[in-house]
Amino acid sequence: MPELPEVESILRTMRDARPSLLGRKIELVHVAWEGIVSGCSADVFQQQLQGAVVVTAGRHGKYLIFGLEGGERLQGKRFYLVIHLRMTGKLSLVQASAVLERHTRLVVELDKNLALQFDDPRKFGRVWLVDDPKEITIRLGPDALTVGFAEFTTRYAMYRRQLKPLLLDQAFVSGIGNIYADESLYRAGLHPLTNSADLSASYIRRLHAAVVSILREAVDVNGANIDGVFKAGGFRVSVYDREGLPCYSCGNTIVKIRVAQRGTHFCPCCQVKL
DNA sequence: CACTCTACCTGTGCGC
DNA sequence: TGCGCACAGGTAGAGT
């Protein structure tokens with residue numbers, strides 16, 4: 001269940017660790033399951049990737065964005081490989097000789113005897129080739145890890161809806177998933193069913209601070225966790241998946257409800273409905 | 001705009 | 001032990 005911190009962790013591994021994905025030339029592309037490719041056919045995807053060099057690596061919300069140059073697509077012009085891991089996707093930089101796993105959907109073979117391998121048991125993950133990453137990110141709000149208070153407030157004012165689905169809405173702010181939505185609301189002391197229009201300015205500030213601090217802390221502990229076992233990484237959850245267990249703060253029992261078809265966990269004592 | 005529901009998928013873990 | 005089924009959740013899209 002990669003959310004923003006897990007994707008950031010993968011990005012840092014690919015970009016900053018040795019060996020790095022940056023500078024690698026794509027030699028061969030093997031699409032093991034065609035449904036993974038969005039926006040063009042698997043054949044076109046393979047042809048256009050082959051020969052290109054990875055020159056940049058970035059992220060917006062839960063989307064990984066790799067800049068490419070060379071190859072057969074629009075000679076001389078940079079283009080982009082965009083990857084979304086959705087629920088169960090796992091991306092790793094492996095030795096080219098690595099044995100495919102049962103749920104390997106895509107292998108991008110690189111020079112230096114490396115390969116980028118995309119495993120995904122549930123086939124929810126997707127990859128795109130685009131001329132401009134905005135084709136994907138135009139629909140997304142600002143990245144939740146770095147969004148400032150002013151922009152957060154401006155965008156917040158565009159909606160009046162329950163806080164839980166608002167936080168999950170990638171058009172509002174991008175990168176928050178079910179786990180960190182619940183954790184952010186707990187830290188902010190806000191009930192998930194509270195309507196966004198009912199928050200005072202100080203509560204909006206508190207919500208922003210909660211979101212950003214939770215994500216930063218999660219990024220920090222995942223950064224220490226290099227071997228690709230993610231889930232919630234080293235982050236210690238306070239409410240998520242803790243139904244029936246005592247709240248760390250007040251000792252009352254954590255409750256689970258369904259909000260917008262999602263499991264939603266909160267402390268009925270610490271989280272007030274305004 | 002807000003909301004609800006469905007589809008996409010398969011591994012897991014429960015009740016019986 | 002095994003069967004059936006609800007459940008997990010990110011996103012798109014359709015419908016109210």
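Each chain gets a letter, A, B and so on, in the order its sequence line appears, and its residues count up from 1.
- The two residues A/L140 and A/H60 make their nearest non-hydrogen contact at CD1-CD2, 3.7 Å.
- Not a single donor-acceptor pair under 3.5 Å links the side chain of A/S97 to the backbone N or O of A/Q95.
- OP1 or OP2 of C/dG10 sits under 4.0 Å from a side-chain N or O of A/R262.
- Residues meeting the side chain to side chain contact (heavy atoms under 4.5 Å, CB included) test with A/D132, sequence neighbours left out: A/K134, A/E135.
- The nearest whole Å value for the distance from the CE atom in A/M158 to the C1' atom in B/dA2 is 14 Å.
- Residue contacts shown for A/K256 are limited to sugar-phosphate atoms, with no base heavy atom under 4.0 Å away.
- Every residue two or more places apart in sequence or in another chain that forms a salt bridge (charged side-chain N to carboxylate O under 4.0 Å, His left out) with A/D143 is listed here: A/R59.
- Residue A/Q170 places none of its side-chain N or O atoms closer than 4.0 Å to OP1 or OP2 of C/dG10.
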- Message: I'd like to compare against my own output: the B/S/- annotation of nucleotides 3-9 of chain B with a strict under-4.0 Å heavy-atom distance to protein.
- Response: S-B--BB
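- Atoms CZ (A/R242) and P (C/dA8) sit 18 Å apart, rounded to a whole Å.
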- Item | Pairing string, 5' to 3', for DNA chain B - Watson-Crick or wobble contacts under 3.5 Å, brackets [ ] where pairs cross, | to another strand | .|||||||.|||||||
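- On the P atoms, B/dC8 is 22 Å away from C/dG4, given to the nearest whole Å.
- OP1 and OP2 of C/dG10 both lie 4.0 Å or more from every side-chain N or O belonging to A/R139.
- With sequence neighbours excluded, the residues satisfying ring pair (Phe, Tyr, Trp, His ring centres under 6.0 Å) with A/H84 are A/Y63.
- Under the rule for a ring pair (Phe, Tyr, Trp, His ring centres under 6.0 Å), A/Y186 has no partner lying at least two apart in sequence or in another chain.
- Within the 4.0 angstrom heavy-atom criterion, only backbone atoms of the sugar-phosphate kind lie near A/G263; the bases stay farther away.
- Pairs passing the side chain to side chain donor-acceptor pair (under 3.5 Å) check and including a residue from residues 152-162 of chain A, sequence neighbours excluded, read A/R161-A/D169.
- Following rounding to the nearest Å, A/D119 (CG) and B/dT10 (P) show an atom-to-atom distance of 15 Å.
- Checking the phosphate oxygens (OP1, OP2) of C/dT11, a side-chain nitrogen or oxygen of A/H84 falls inside 4.0 Å.
- Atom-to-atom, CZ of A/R102 to C1' of B/dT10 comes out at 9 Å; the value is rounded to the nearest Å.
- By the side chain to side chain contact (heavy atoms under 4.5 Å, CB included) test, A/C250 is found to be paired with A/C247, A/N252, A/C267, A/C269, A/C270, residues two or more places apart in sequence or in another chain being considered.
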Identify every side-chain donor-acceptor pair in residues 203-211 of chain A under 3.5 Å, counting partners at least two apart or on other chains, and give the distances.
| residue | atom | partner | partner atom | Å |
| --- | --- | --- | --- | --- |
| A/R206 | NE | A/A188 | O | 3.0 |
| A/R206 | NH2 | A/A188 | O | 3.3 |
| A/H208 | NE2 | A/V147 | O | 2.8 |

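- As rounded to the nearest Å, B/dT6 and C/dA6 have P atoms that lie 13 Å from one another.
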